[in-house]
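Here the structure is laid out as structure tokens; the discussion comes afterwards.
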Amino acid sequence: MNRQRHIAVILPHPDDEGIIAGTLAAHVHEGTAITYACLTLGEMGRNMGNPPFASRATLPIIRKGELEEACRRIGIRDLRMWGYHDKTIEFEDEEKLADRIEALLAEVEPECVYTFYPGYSVHPDHDATGAAVVRAVGRMPAAKRPRVLCIAIATGREKLLGPADEVHDVSDYVEQKIHAIHAHKSQVRHLLGGGTVDDPAFRARYSRERFWTYLFPEEEEGARA
């Protein structure tokens, strides 16, 4: 993982950042500034805690606090909550959403953007968010584009996309990662299931984070040449 001045993280739901929390913690440790734009508050989530302590009315407030705490545990200081409605990102005006993302990238000038790989990320909000990021970055002159590193979670993703372009060993940050995921108390059972950081197999499961580089058409042509 190369040291960078600034990265952007653009994801749709509170707790999505937990998937890459080890990588983000490593960036913070290296002195990289992180701007995290979370598009929704996950208010349509089905998990209300175990045992339940949230309701449909209170869930967005609870998840907002959980997100803020998770970011504190990772070390993210610049959190932007954009207030889109959960499970509706695919219905947002694509150009307007890309406009907003493009404005953010112009503001913070990141070397790299982390998001979901459109079409390979299972949830419609994931795919739509990744597609909007790609649209925004694709508008930029090729020489000024940040690198887009994508999370892919679809079954058979290696067969469809090839092996991950980067595999980050986050063993040194796995406890911090689990601690950050645990900040999402209403969702943590769904996110982690059983296991503890004292269990080597459990630690190993969360010690590697995989990313695929999104290649724009001209970059794909160059890669084939």
Side-chain angles (χ1 to χ4, degrees), residues 1-39 42 47 63-81 108 110-117 120-123 126 129-130 133 146-153 157-158 161 163-214:
M1 193 189 316
N2 295 327
R3 184 174 181 177
Q4 297 172 78
R5 180 190 58 82
H6 205 129
I7 64 169
V9 181
I10 304 176
L11 302 169
H13 307 121
D15 75 37
D16 285 339
E17 79 288 338
I19 302 171
I20 59 171
T23 291
L24 300 180
H27 278 302
V28 171
H29 181 76
E30 292 169 354
T32 302
I34 298 176
T35 295
Y36 175 19
C38 187
L39 273 60
N47 298 291
R63 296 202 71 183
K64 176 179 182 289
E66 291 174 347
L67 175 60
E68 291 170 336
E69 177 61 17
C71 288
R72 188 189 68 77
R73 294 180 184 188
I74 294 169
I76 298 171
R77 296 182 178 180
D78 185 11
L79 170 64
R80 317 282 181 98
M81 289 179 274
V108 303
E111 290 99 324
C112 178
V113 182
Y114 289 95
T115 191
F116 282 106
Y117 205 117
Y120 298 93
S121 298
V122 179
H123 193 297
H126 295 174
T129 299
V133 171
R147 189 178 182 201
V148 180
L149 281 181
C150 297
I151 308 159
I153 55 178
R157 57 194 180 276
E158 288 86 0
L161 293 172
D165 296 298
E166 292 192 11
V167 180
H168 297 171
D169 181 347
V170 297
S171 300
D172 291 343
Y173 304 95
V174 70
E175 292 190 25
Q176 188 176 354
K177 174 179 180 173
I178 299 302
H179 191 51
I181 293 172
H182 270 283
H184 296 281
K185 294 179 181 179
S186 66
Q187 310 297 309
V188 72
R189 183 177 177 85
H190 165 69
L191 295 172
L192 288 177
T196 69
V197 291
D198 297 323
D199 177 355
F202 184 80
R203 290 179 66 96
R205 190 188 316 162
Y206 293 98
S207 292
R208 298 289 186 276
E209 296 175 354
R210 292 169 173 78
F211 301 92
W212 284 259
T213 302
Y214 188 89

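In this structure, Leu149 and Trp212 have side chains that are not in contact, with every pair of non-hydrogen atoms separated by 4.5 Å or more. Residues Asp15 and Glu66 have side chains not in contact (no heavy-atom distance under 4.5 Å, counting atoms from C-beta outward). Side chains of Tyr206 and Leu192 form a contact here, defined as non-hydrogen atoms less than 4.5 Å apart. A heavy-atom distance below 4.5 Å is found between the side chains of Ser171 and Arg208. Between Ile74 and Tyr36, every side-chain heavy-atom pair lies at or beyond the 4.5 Å cut-off.
Under a 3.5 Å cut-off, the side chain of Arg210 and the backbone N or O of Ala164 do not form any donor-acceptor pair. A donor-acceptor pair under 3.5 Å is absent between the side-chain atoms of Thr129 and the main chain of Ile10, judged by distance alone. Using modelled atom types, one side-chain atom of His126 and one backbone atom of Ser121 make a donor-acceptor pair closer than 3.5 Å. Looking at Glu111, its side chain never comes within 3.5 Å of a backbone N or O of Pro146 through a donor-acceptor pair. Formation of a donor-acceptor pair under 3.5 Å by the Gln4 side chain with backbone atoms of Thr32 is not found in this model. Side-chain atoms of Glu209 come within 3.5 Å of backbone N or O of Gly22 as a donor-acceptor pair.
The side chain to side chain contact (heavy atoms under 4.5 Å, CB included) test with Ile34 is passed by exactly one of Val108, Val28, Asp78: Val28.
Between the side chains of His168 and Tyr173, no donor-acceptor pair is found at a separation under 3.5 Å. Looking only at atom types and distance, the side chain of Arg147 has a donor-acceptor partner in the side chain of Thr213 under 3.5 Å away.
Residues satisfying the salt bridge (charged side-chain N to carboxylate O under 4.0 Å, His left out) criterion with Lys64, sequence neighbours excluded, are Glu68.
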